[in-house]
*Asks:* 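One structure, as structure tokens, below. Some questions next.
Residue numbering restarts at 1 for every chain, and letters A, B, ... go by the order of the sequence lines.
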Amino acid sequence: DAKTTQPTSMDCAEGRAANLPCNHSTISGNEYVYWYRQIHSQGPQYIIHGLKNNETNEMASLIITEDRKSSTLILPHATLRDTAVYYCIVPGAGSYQLTFGKGTKLSVIP
Amino acid sequence: EAGVAQSPRYKIIEKRQSVAFWCNPISGHATLYWYQQILGQGPKLLIQFQNNGVVDDSQLPKDRFSAERLKGVDSTLKIQPAKLEDSAVYLCATGAGGETQYFGPGTRLLVL
């Protein structure tokens, strides 16, 4: 699996966009970037994934740089319920396995 | 669609006792995973099943941990005997293929 680097923690004001960065400089050409989050006392929840194009779903947007060495998860209008630990993961191609780091603890502040 | 079910949600035991956790996956999901999450850390994969066969158990402490997946559906994870350092949340996840996994709520184990 490619190694990922994320900030330990971030704060975001409620209603503002939360931009969570992730570095994955050793990513291979056929490896996807996955984002999961874990709200306190719950299991991790899948958010979004992408290969090279930007992706958007009902939860978030994923922006991947052209060289694919970094990405940003965007929560467009953060709410208090988005307070969680966010994990950026680059699984080995076809491995179907996730290696979780420590992630970024996002605190949404009223 | 029903999610991944796990039971019990909480368990307190004394060291050297045994304990078992149960997971019922999302219907039709062939891949099932067990993770251990120690406080303050991300989940760590213990074992991966594809249907009722083990794909990867390289990180399962086999001297005390065992797991099985009955008929490719439900799964149990057992610890015997438990140690203090086994105190953690045990998460079950399932998938239909690919790296998108759906997690249950976890079982919180405290070993005294």
*Asks:* Please tell me whether A:Ile89 and A:Leu51 are part of a single hydrophobic cluster in this structure, the criterion being side-chain heavy atoms less than 4.5 Å apart.
*Replies:*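 Yes, one cluster joins them.
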*Asks:* Please determine whether residues B:Leu46 and B:Val111 belong to a single hydrophobic cluster, defined as Ile, Leu, Val, Met, Phe, Trp and Tyr linked transitively by side-chain heavy-atom distances below 4.5 Å.
*Replies:* yes
*Asks:* Determine the minimum heavy-atom distance between A:Gly43 and B:Leu91, stating which atoms define it.
*Replies:*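 It is CA-CD2, 3.8 Å.
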*Asks:* Dump the table of donor-acceptor contacts under 3.5 Å between chain B and chain A, or return none if there are none.
*Replies:*
residue: B:Tyr33; atom: OH; partner: A:Tyr96; partner atom: O; Å: 2.6
residue: B:Gln37; atom: OE1; partner: A:Gln38; partner atom: NE2; Å: 2.8
residue: B:Gln37; atom: NE2; partner: A:Gln38; partner atom: OE1; Å: 2.9
residue: B:Gln48; atom: OE1; partner: A:Gln97; partner atom: NE2; Å: 2.7
residue: B:Asp56; atom: OD2; partner: A:Gln97; partner atom: NE2; Å: 2.9
residue: B:Glu99; atom: O; partner: A:Tyr36; partner atom: OH; Å: 2.7
residue: B:Glu99; atom: OE1; partner: A:Tyr34; partner atom: OH; Å: 3.1
residue: B:Glu99; atom: OE2; partner: A:Tyr96; partner atom: N; Å: 3.4
residue: B:Gln101; atom: N; partner: A:Tyr36; partner atom: OH; Å: 2.8
residue: B:Gln101; atom: NE2; partner: A:Tyr96; partner atom: O; Å: 3.2

*Asks:* Is there a chain of hydrophobic side chains (I, L, V, M, F, W, Y, each step under 4.5 Å between heavy atoms) that links B:Ile79 to B:Val89?
*Replies:* no
*Asks:* How about B:Leu84: does its CG atom have over 12 heavy atoms from other parts shown lying under 6.0 Å from it?
*Replies:*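 Counting neighbours around CG of B:Leu84, more than 12 heavy atoms of other residues, nucleotides or ligands fall under 6.0 Å, so yes.
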*Asks:* Considering only heavy atoms, which portion of B:Pro43 lies under 4.5 Å from any heavy atom of chain A: side chain, backbone, both, or neither?
*Replies:* both
*Asks:* Would you find more than 12 non-hydrogen atoms of other residues, nucleotides or ligands less than 6.0 Å from B:Lys62 atom NZ?
*Replies:*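 Yes, NZ of B:Lys62 has more than 12 neighbouring heavy atoms, counting only those of other groups under 6.0 Å.
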*Asks:* Are A:Phe100 and B:Leu60 connected in the hydrophobic side-chain network, where two residues link if heavy atoms are under 4.5 Å apart?
*Replies:* no
*Asks:* With a 4.5 Å cut-off on side-chain heavy-atom distances among I, L, V, M, F, W and Y, is there a chain of contacts connecting A:Val33 to A:Leu106?
*Replies:* yes
